[in-house]
Every structure is written in C-alpha cells, then in structure tokens.
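All chains are named by letter (A, B, ...) in the order of the sequence lines, taking the proteins before the strands, and each is independently numbered beginning at 1. Note that this is a predicted model, so its numbers are computed, not measured.
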Amino acid sequence: MKTQSGEKLQFKLILLLLASIMILTSCGGGKKPAPTVAPSGSETSPFTGLNLSVPDPYNPPIEMTSVIAVNATVKFTEGNDINNNIWTRAYRDLLGINFTYKWVVDGSMYDQKLGLSINSGDIPDMFAVNGSQLKLYQESGLLTDLTSVYDAEASPNTRDILTQDPVALRAATIDGKLWGIPLTDASVATASVLWVRQDWMTKLGIEAPASMADVLDISRRFTEEDPDGNGVKDTFGMCMDKDLFGAIGGLQGFFNGYHAYPGIWFERDGKIVYGSVQPEIRDGLLALQKMYASGQIDPEFGVKDVNAMTESIAQGKCGMEFGVWWNPYHPLNLSQANNQDAYWQAFPIPSVDSAPAKSQYSTAIGSFLVVRNGYEHPEALIRMVNFWTDNIVRSQEDAVRTVFLGDIKNPDVVLYKYTPVVLWEPNASIDGSRKLREALAKHDPTGLNNEMAWRYRIIQAYFEQGIKEAWVEVATNGPNGAVSILEGVLGDYGLLNRFYGPPTPTMAEKLPTLQTMESEMITKVIMGDSIDLFDQFVNDWYELGGTKIVEEVNQWAEANP
Amino acid sequence: MYSRRKLINEIPLYLMLAPAVVLVLIYAYAPMVGIVMAFQRVLPGKGLFGSPWVGLDNFKFVAQMPTILQVIWNTVRIAGLKAIAGVVVPVSVALMLNNVTSHAFKRTVQTVIYLPHFLSWIILAGIMVDILSPSDGVVNRLLGLVGIKPVFFLGDDKVFPWTMVVTDVWKSFGFGTIVYLAALTDIDPTLYEAAVVDGATRGQQTWYITLPGISGTIIMLSTLSLSNILNAGFDQIFNLYSPLVYRTGDIIDTLVFRTGIMNNQYGVATAVGLLKSIVSLILIAVAYKLAAKWADYRIF
Amino acid sequence: MNEKIIRLPFFQNMLNLLVLAVLAVLCVFPILHTLALSLSSATAASSGRVTIWPVEFTLQSYQFVLENPAFGKSFLISIARVLVGVPVNMALTILVAYPLSRSKREFRARDIFAWFFLITVLFSGGLIPWYMVIKQTGLIDSFWALIIPGALPVFNVILVANAFKSIPKELEEAAAMDGADHWTILFKILLPMSLPVLATVTLFVAVGHWNAWFDGLILMNSPAKYPLQSYLQTVIVSPDPRMLSERDLALLKIISNRTTRAAQIFIAMIPILIVYPFLQRYFTTGIKLGSVKG
C-alpha cells in the first residue's frame, strides 16, 4: 500500500509539472512583437499610397505552388503565417497570382525534402535549386525553358540587376537556353581581407602591414611579445582551424599574398588552371610551416573546428586572421568579452613582392528559380521577379521598405523571407556603403536611407560617445572598414573564380576525393612533414583525375567566355 | 486429428501476427523494391523503374575510390571494437551494480549512467576537444601526474580509433546496462542460495551462475549488433574527425558523405547500402549458426 | 528486488562502490557542464570560462528557445506522440513476440516469420522508396506518419520474445492443463512475469519517440506539425547581416548556438528525467516463484 500511494504521488507530481510547463510555454508564446505591418482584416489595402509599378494582374487569377526553406528565425505578426502574409497578398492582389506553398521545411532539410518530393512525383510549379540540381533536373526534362518569356517580359531593372554580375545569367544557361533565374548577391562579399588586433599593434608599436614580410613579422611579435600583457606566453600570431579554407580564419587570404589561389580556377598562359596545384602554393606552405614550427599557430588547429577557433578568438589567444568582411559581427566581436578595448582592423591583403596581391572570390550565385515543365504560366515568374526589382530592392522609399522588407523597429520580423523571389543587387551594398562613408566624411547623414542612416548613427556613437560595442560597425562599414577594401577587390585587387558552372562529370566523381587529399597534405606539411608531400600531391592530383577535370573545365570555358 | 488440432491451436498465433505483418509488408518490404536503384543511374522524377539501367557500374564506382579498402578496414575495426566493448562494459557494470546493497546508490548510478545518451555529438565535440587537448586537457593532465606523456587523442591517427571507441562506449553503456540488469533479475535466486550452501565464493557464483544466466541476452545483443557492423557511428566520427586522422578514422559513411554521393547519386548511395546489408546478413547468419552449435542458443 | 544479495567482503565492496562512483562522476560531469553552458552568456561560453557552474548567469538561452509559440505546439505534439506511440508499439511488439517465443512444435511456421522480420532490419531500399510508400499511404504531413511507419522496432521484439522464452515452461504447461488458451497464457502469465524487460522496452520506445527528429522534419509539410526535437533542430541563432539591429548585436553576446543548443538538450531531457525514476522500480522486480513450487 505504501508503494501504491507513493506511485500515485509521483504520478500526480508528473502531471503537475507537465501542466505547469504547458502553462508556462503558452505564456511565453504570448509575447509577440507589436505588429507594424498592416494586419490582415483591415479594410484598406496595405498597398494604397505606395508607388508601385505592376502590369495588369491575371484575370482570372492563376495558381502557383512553390516550396520554401525557413527556420525558427522566420517570424510572423499577428494573424499571418507562411501562406498568408504581405507577400502572398501582394502576389494575389497586385499580380493576380494565388501563391501557396506545397511544403515548408527547415533550411537544413531543403535539399533532401526537395529530392524526395520530386522523386515521388510531387513537383512544385516554381522552386529554387542549386547549380547541380539545375543541371540534373534540366537533363531529366523536368524544367521549362525560360528564354522566350525572359526576353519578352523582363523589365529593364531586372536585366540590369541580372547583368551586373556577368556570370549570373550564364550560370543558368545550358545549351544556349535560359533555364532558371539566378538569385544574385554580392560575390565579392566572399573575398578575404586581413584582420589584425589593432589594439595589440598599438601596444607593441607596430605599423600597418604593407607586405607579407610585415605579416610574418607581426605574427612573430604577437607570439613572442606578450601583447595581451598578462605575463604569460599564451598568444598565437594567426588563427586557423581544421577546415583550412572557411570564411573565418581561412588560409586562402594568406596564400593570396603569395599569389597562390587554392581551390579556384584562373587563367594562366592562355589556359585555365587549378590553383591548388600551382607552384606558388609551395611558398605559402613553407611560410606556414615555419610559423607553425615557431609556435605562431595553435598546435592543435588540426582538430579544432570553427567553433573551437572562435573560442580562441574570444579568449584573445590569436591576433590575426584572414576572413570576410562581416567577421566583426561574429566572431571577432567576442574578443570584447575579455577585453573592452579589443579592436580588429581590416587591411587589404599584402603581397610577398612588388606585384599587388589579389583576394580570391567565387561567384555567389547559389540558387536559381526554376519553373516545372508543363506549367501554363512560366512568365508569371518573370513578373514576380520584375515586381521585386522594379519596386522593392532598389527603392529608397522607407514606406515601401517597411511594408515589404521589414521594419527596423521590428527587426525580428524579416518580411522578405516569406518569398523565394529575392535577388540582391550585387553592387548595392558596396554602393550603399560608399554613400555611407561619404556621409561620414561630411558629417551629414541626409540622403541616406533608413538602414544606412541607422549605421551612420552607430558609427557616430563609437567616435562621439565612446560606445565600444559599436566598433563592429566601424570596422565593417566605417571609413577604413572592410567594405571599403572590397571596392578595391572588385577592381584590380581581386581574382574571380573563372569556373562558375555546375560540376563537370569527372569533377563530380573525383574532385571530392582530390580535395580530401589536398586537406590532408596541407595539414601535414604545415605541421612539419616534408614539403615533398606537396610535389607528390600535385603528381597524384593529375593522375587520379585532375588531368581530365582540367580538360573538361577548359572545354567549358570555351563555351562560356 | 493431431495436425488439425495443432492448426486450431496455431490460429490465435497467426491472428496475433497479422497486424504487424501487414504493417511490415507495407512499410518495410514495399520500400525494399527501391533496392533496384543500386543498378540504375537514378534520374529524378522518373519513378523507380524509369531510370536507365547501368548494371554493376555503381558498385564499380565505389570499388575504385582510392581509399575504399582502407576505409572499409577502418569501419570494421572501429565497429568491431565498439561491439566488443559494447558488451563487456555494460555486463561488467550490471554485475557491479547488482552487488550494491544500497538502493539509493544503485538507483542514482543507474540514472546517471543513462544521461550521456542524451547529449548530442555536436555538443560533445566541443567538450571533447577541450578535455582531450594535449596541452591543457584534463585527461592529459591526469596522465601527466603518473608520468605519461601527453597523447593527442583526437589528432594522432594511431590513437584516434580507440578514442572513438572509448567515448562512444561512455555515451551508450548506460543503455546496455539497463538491459542486462533486467536480465539479471531473471536468474533464479535459489541457485545462489544453493551455491552459498555449497560454499561457493562470489567469483565462482558470478562465473557459474550469473554469466551463464545472462549468456542468452549477451549472445542475442551481440548478434544483433552485427547488423550494425558497418555503421561505425557517422554522427560521432563526423563531428570529431579531421584531415589529420582520415587514414584511420574515415569510415564508409563519412567517405560517402564527403564525396557528395548523397546529393544526386542516389544509385551509388543505394549500392553502398546494399553492400552493407549483404555483409551484415552473412555475419549474422554465421553468428547464428555458431551460437546454435556452441552455446546451444537460438535467437528464436 | 533482489533480496538475496549477499554482501561482498568489505574491501571488494569498497572497490565496487568506488569504480561505480567514478563512472557516475564521469557521466555527470559533462551533463553539469552542458547545464552550466545553457545558463551562461555566449561570451563566457565561447571564451571557455564555463566549467560546471554558470558564468554570467542568464536565462536568455532558454527564453530564446521557449518564447517561440512553435515550442509549445511541438511539445504537445511530442507528448501526444509518446502517449499514442508507446501503446501502439508495445502492443504490436508483444503480439509478435509471443508467437515467436513458441517452440517449433507449437508453431511450425515460427522460423519463417522470424526471418520475415529479421530481414527488414538488414535490408532497406533507402530514403526515396520509404518516402514514396508513406506518401502513397496518405501519411505525409499527418501526425500518424510519426507513429505508423516505425511502429515495430524488431530489436524490441527480440528482447521481449527472449523474456517470454525464459519463463519456466512448467508454468505454461500447468496453465494449459487448466484449459488456458494462448491469450490467457500471454496476459495472465507471461506479461506479469516479464515486467522488467517490458519496463525496459517501454522506456526505450518512449525515449525513442521523444528524441526522434528526422522523421518529423522530412515527413511534415510545415513546421507547425513538427514534434519537439524536430522543432529544436531548427532553432539556430543566425543573424542576417543585412538586417542586424542593435538588439541583435547585444543579444549575440548573450546567446549563441552553443548556449541555445545546450538549453535545447535540457528542455528535451527534463520530461525523461521525470518519468525515468517512475519506471525504474520495474527494472528490478523479480520473478515471483511462489506459483511454481507445487
């Protein structure tokens, strides 16, 4: 009997706990951001008063199904959800397209779900694919040729944006026909710059690095001269991790200083060659090997992934890293955790000799919008793209941006995530940033749109009010920020990956294996194995499929000038 | 007469099996038809039989991957070690727990050892890199106290497979322990009483009563684990490996993952799955026969 | 309860307890560390200052995970999944285990069915045909997709069948002579005497359903239908550099993927920790042998 009542008690406790959890969570769920977008159910259309240019809507309205990837960061205001929001209403009321999603899935599962859906016969009318999916689905006859509808209906804005990146439309063209609309973005954003702990440089009296020799010297001094002033020799010159070529602490910037371009294709003596097997890599490797041997690189980098490296940065253990423009937002901002005065400054990549270094980058076209074969209205996609390019992405009107992109006052609700038709102007952020720097120089923010004005204020806060957290904005968009360096990269100081198509047959088969060999070789050589491993690697690379891949790439390049 | 009565006796058994059989036919056997993809170059949207047939090409593709033999060996080695440790450790712990008189202690330990099961390898990866660090990790510091030089557990390719086995056993031994504890309760206590009367020591009791008593469970779990022999633990290895240890740590699943086979080459992925299944089948059949012969034990 | 535990000699007993205690600590330490991470700020977590105690205590990581209304919904879906899935699984498991535990004389087709089920453990057509079948049977985007396709884990069948087989034959024969049929033997004799294994299997099934995340993500057509672990997989801290606000920047110092993942693990673990001791008492219930003698 004793156990029985004991059991009952435990059971009741469990029920109580479950009940309280449910109550708590429904309370938590009540905390929603104040709606600033016109809520559904209002009498007036949210679009009145906005200066929009649209063609006549379809009458009767047409149906279009699609699919999309979201995650928990995609939020809605009261009464809205993924199939009922400002964008679905815009498509319906302004364009005459009844837009619904067949399914919505978490970003990490998008490729798998799309593959399963299509393989089981469930093909959406319009959807986003990556380069290899584009090729595969086109080959299987699942897509509609968009050439004629693009020629007939693409607006001037659309054409302009899609041609800013010369590679964009070409990447979507197979056998001379256009099979998808590329979702453009700023490719140059993936180029590396050199980030250095400015506060350490100041402390040790080091000047801005102008050459790779300077870089090596800084690395040595950061390791030996106790820049964090704690009396312990616990700092490394340079941060890197086991992935070798990530967006944070990646080595591609370092190699670029030696005119070596790992992982990309470029022209040399009239042919297209692969960067990882060029002789310049050798010089970069030897330099890294020396750095490792003198303790300037974390001896455990080979097992540390980007999270572990982030920790090193947060702990103030390393002082230089080659990374992309947005690194101050994450993870460099974490340096401030242990040291209020931590400040990372961006520098263009220095060179090992008198020829200026070029920062390598690849095209940022990851996705294409396609239409399935048999859909009656492929031109509807072009109209949706036009709507975006004509009215939204270039608009400086805050009213429009607030309705369709998101309200700065309500940053959780990111409206443009509700639709897959989102193209960014490749040059826009560079241009916007330039305007911002001009405004800063003049101390006059008039003429800046909401977003830039807000950044202007943050940068001012750093200089005028000494708000140290604001350094991230100064380091990126400020006068000597990373973005200003990217302008140079777009010009003469950058090298764009010549190859931007879907993987060639041998590439798909063999390149991953070759990349594994490459990572192993680089890691081992840096950690002390003989540089002969590199020569051996180059040999093996060609033998195990590299020659064929080079051939295919050159063939492709001829067809894609 | 005899067989008709037998049939009537068997009818309830068939009834009991019926729902499960239907379920399994639909959700396990029907999908098995998809194994044909191992012999096709799978084009999307064409259905299971619309893609072009390529015979054994997918298998040839797998066979010609440069490191495939090394990778298969790595997989078998790691999975094999895990299987052995996965029996020895839980059995030992179950035996030890069985000897504990304090119910509170027993219950606490039982609960606590099950907890690592809930931690994902993603979060464990971060923890492991820290504690296994050769410069300032806890484990190496303890080793240093007894004069052992620091070991690069995650970066030394000679040590890496053992690291994988030990950490995986740590994470999952709680599960097996529970099963063996349950099996221990099946042993007739009167056997122990008789043994004590005969003057048997603790050790003799364990050897002659306990172990044979749970030998059925041990054999059963071991044989079943053979079905996993080529799954050396993708989740764990993927989160903990690095180019430094590819030589001994790369397993079939990580190789397949890295070479992007999953993405569009469903045919090759199915071929790999089929190969794994066949190997498991052979091993289980062999183990089944051996167990029946030596230990007079059948799973069914 | 094993009332007949004979005490170990002192030294061996101490050694036994010591080893177990060390194992327990080895298991507890990372749990405490994860708990501490979930209650610490991101900067503290990233700079390695957290060991087993929270540094810069904050509940923001939990808040981040819990405040999304999707959390509450997915939590309820998982509860429903366990409440429905456990009885369904256990019923099917027991119904299959019983015939398979009969002797070859009693059930001549036994080996055929045994291999019928065993083969499904070894061979699979892969993800695509599985998805297609689920689609054809109309379960995509349905709650039942979480229950039906996986309703018979063969491993559990084997465990239970073995438990049934180890019950002394005499009990069944005695009952049969009293006119008991298969159903009676199953319910009145075998089930009550196999409680430890049944409790174990129940626990595994419950935990399996509670922790499953992949099927929810791939079989549902909208996040509104995700069970808890599927939803938790989607909770990432990913600031969009385009729309970063001051609040975001400040927030990024407090929460990060590391701390939110740690919080997720605990949120998911808590119900198990509550239910587990409840089931634990059954793991060590012994065989009641009274009925055998005589």
Side-chain angles (χ1 to χ4, degrees), chain B residues 10 12-13 16-17 19-20 23-24 26-28 30-35 37 48 93 96-101 107-113 115-116 118-120 122-124 126-127 170 178-179 181-182 185-186 189 192-193 196 202 216-217 220 224 227 266 269-270 273 277 280-281 299-300, chain C residues 2 4-8 16 19-20 23-24 26-28 30-31 33-34 92 95-96 98-100 102 107 110-111 113-114 117 120-126 128-130 133 137 149 151-152 155 158 161-162 166 181-183 196-197 200 258 261-262 265 269 276-277 280 283-287:
Chain B
E10 284 182 355
L13 298 177
M16 289 185 187
L17 286 170
L23 187 81
V24 165
I26 299 179
Y27 291 104
M32 269 196 227
V33 176
I35 290 183
M37 287 197 296
L48 282 178
V93 174
M96 285 196 279
L97 271 178
N98 203 31
N99 285 330
V100 171
T101 43
R107 287 271 192 90
T108 316
V109 173
Q110 230 181 297
T111 311
V112 163
I113 60 178
L115 293 181
F118 292 92
L119 297 177
S120 70
I122 298 179
I123 214 149
L124 281 175
I127 300 178
W170 166 83
I178 298 181
V179 177
L181 272 177
T185 65
D186 277 345
Y192 288 110
E193 289 168 29
V196 168
R202 201 70 200 157
T217 313
M220 174 191 71
L224 279 178
S227 68
Y266 292 115
T270 314
S277 302
S280 302
L281 178 63
I299 292 192
F300 288 115
Chain C
N2 230 337
K4 302 283 187 225
I5 297 174
I6 301 158
R7 287 194 144 70
L8 285 175
N16 199 26
V19 171
L20 287 174
L23 274 178
L26 282 180
C27 293
V28 157
I31 306 279
H33 175 67
T34 310
L92 282 175
L95 285 178
V96 172
Y98 180 76
L100 293 183
R102 301 300 90 198
F107 186 27
R110 186 199 65 183
D111 282 354
F113 282 99
F117 288 109
T120 65
V121 170
L122 296 171
F123 288 91
S124 155
I128 297 183
W130 179 73
V133 168
T137 48
L152 190 70
F155 180 77
I158 297 179
N162 262 270
S166 64
D181 65 354
H182 283 300
W183 300 98
V197 174
T200 310
R258 217 175 198 208
R261 278 217 179 85
I265 289 183
M269 228 199 277
Y276 184 82
Q280 230 188 2
F283 291 161
T284 46
T285 312
I287 303 174

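- Contact count against chain B (heavy-atom pairs under 4.5 Å) is highest for C:Ile31 among C:Leu152, C:Val19, C:Ile31, C:Leu92.
- Heavy atoms of B:Thr270 lying under 4.5 Å from chain C belong exclusively to its side chain.
- When all heavy atoms are compared, the tightest approach of C:Gly125 to B:Ile35 is CA-CG1, 3.9 Å.
- Rounded to the nearest 0.5 angstrom, B:Thr217 OG1 and C:Ile158 CD1 are separated by 12.0 Å.
- In summary, the side chains of B:Tyr27 and C:Thr120 do not present any donor paired with an acceptor at a separation below 3.5 Å, with no hydrogens or angles considered.
- Proximity to chain C is limited to the side chain of B:Met37, based on heavy atoms less than 4.5 angstrom apart.
- Of the atoms belonging to C:Leu122, heavy atoms from both backbone and side chain fall under 4.5 Å from chain B.
- In this structure, chain C has heavy atoms under 4.5 Å from both the backbone and the side chain of B:Leu115.
- By the ring-ring contact (aromatic ring centres under 6.0 Å, His included) test, C:His182 pairs with C:Tyr98, sequence neighbours left out.
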| field | Step-by-step side-chain contact (heavy atoms from CB on, under 4.5 Å) determination, B:Ile113 to C:Leu20 | value | CA-CA 10 Å; B:Ile113 60 178; C:Leu20 287 174; over 6 Å; no
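- The most heavy-atom pairs under 4.5 Å with chain B, out of C:Leu23, C:Ile128, C:Val121, come from C:Ile128.
- Side-chain contact between C:Pro30 and B:Leu119 is present, with heavy atoms from C-beta onward closer than 4.5 Å.
- Taking all atoms of both residues into account, the shortest heavy-atom contact from B:Gly34 to C:Pro129 is CA-CG, 3.4 Å.
- Not counting sequence neighbours, C:Ser124 has no partner by the side chain to side chain contact (heavy atoms under 4.5 Å, CB included) test.
- A 4.5 Å side-chain heavy-atom check between B:Leu17 and C:Phe107 finds at least one atom pair inside the cut-off.
- Taken to the nearest 0.5 Å, the CD1 atom of B:Ile127 stands 4.5 Å off from the NE2 atom of C:His33.
- Of the residues considered (B:Gly273, B:Ser280, B:Ala28, B:Pro116), B:Pro116 shows the highest number of contacts with chain C, using heavy-atom pairs under 4.5 Å.
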